[in-house]
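The basis for the numbers below is simple: all heavy atoms, side chains too, and nothing from hydrogens, waters or symmetry mates.
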Amino acid sequence: MSGKLQRLKVETTWGDIKVELIDGKVARCSLPFLAGQPETPFSVKASGTDAASKFVVAALSGKPAKGPTLLFSEALAKENGKLEGTTFQQQVWQAIAEIPPGKTKTYGELAQAIGRPRAYRAVANACGKNPLPVFIPCHRVLAANGNIGGFTAGLAWKRLLLTGNRA
DNA sequence: ATCTAACAAGTGG
DNA sequence: CCACTTGTTAGAT
């Protein structure tokens, strides 16, 4: 297994977004941490023409970006022969991945979806460990009272992903 | 192997 | 607004 490892980079005014592909499947994604809301307006400086790069750019632009070839369950599986994440986490990530485009869900809803209605706290926990931010739309997960919740790389990204970069 | 603290939430007082 | 609940994880013992 394991064929080629490919590293992509989308350069933006907020920093570089790095994506790692294994055999053409998205294996990992990381965004630069932003402590607060940057004063610089967001824009993409440079990006590749491959599907993954396009997906990232589209997601950040609020376009109808249809999830292309994520197959994330395949993508997440074994990187070192080891599964990425625990069973529970994978269930959570899968549930998140199934959120219809343009919609949002609450942590509680997701907890119900995986059959553990009281585990909303754990769900949030799993969100924070999501290895594929942006690809797995954990930014569409909000708290029940409408609060925005949190985001691994900083709330600025989450807001951007939710509202789209209409600027 | 067991225990404890921490967490991106929720419900109730 | 504050405090108690709740399930899972990571790190220490």
Worksheet entry | Atom pair distance, as rounded to whole Å: OH in A:Y120 and C1' in C:dT8 | 14 Å
Worksheet item: Rounded to whole angstrom units, what separation is found between the CD atom of A:Q90 and the C1' atom of C:dT8?
Response: 15 Å
Discussion item. Could you report the tightest heavy-atom contact between A:V134 and A:A59, atom names first, then the distance?
Written reply: CG1-CB, 3.9 Å
Worksheet entry | CZ/A:R159: more than 12 non-hydrogen atoms of other groups inside 6.0 Å | yes
Discussion item. Please report the distance, rounded to the nearest Å, between CG in A:L162 and P in B:dA8.
Written reply: 17 Å
Item to complete: Describe the nucleic acid contact of A:G108 in one word from base, sugar-phosphate, nothing, applying a heavy-atom distance below 4.0 Å.
Response: sugar-phosphate
Worksheet item: Quick one: A:N147 CG to B:dT11 P, roughly how many Å, whole number?
Response: 14 Å
Worksheet item: In whole Å, what is the span from the CZ atom of A:R118 to the C1' atom of C:dG7?
Response: 12 Å
Worksheet item: Does A:I148 offer a backbone N or O that forms a donor-acceptor pair with the side chain of A:K158 under 3.5 Å?
Response: yes
Discussion item. Checking the side chain of A:Q90 only, and the main-chain atoms of A:E84 only, is there a donor and an acceptor separated by less than 3.5 Å?
Written reply: yes
Worksheet item: When the distance from CD of A:Q112 to P of B:dA9 is rounded to whole Å, what number comes out?
Response: 17 Å
Discussion item. Strictly below 4.0 Å: does A:R121 bring a side-chain N or O up to OP1 or OP2 of C:dT9?
Written reply: no
Worksheet item: Do any N or O atoms from the side chain of A:E109 and from the backbone of A:T106 form a donor-acceptor pair under 3.5 angstrom?
Response: no
Item to complete: Look at A:T86 and C:dT9 and indicate whether a side-chain polar atom (N or O) is within less than 4.0 Å of OP1 or OP2.
Response: yes
Discussion item. I'd like to know if A:T106 reaches the base of B:dA9 with its side chain such that a donor and an acceptor end up less than 3.5 angstrom apart.
Written reply: no
Worksheet item: Which nucleotide in the set C:dT9, C:dT8, B:dA8 lies at the smallest distance from any side-chain heavy atom of A:A122?
Response: C:dT8
Item to complete: May I have the distance from A:F88 (atom CZ) to B:dC7 (atom C1'), rounded to whole angstrom?
Response: 12 Å
Worksheet, complete the sentence: Checking B:dA9, C:dA10, C:dT8 against the side chain of A:K129 (C-beta onward), the nearest is C:dA10
Item to complete: Grab the CG-P distance between A:L155 and B:dA8 for me, whole Å please.
Response: 10 Å
Practice prompt. Sort out the partner of C:dA3 for me: Watson-Crick or G-U wobble, both distances under 3.5 Å, none otherwise.
Written response: B:dT11
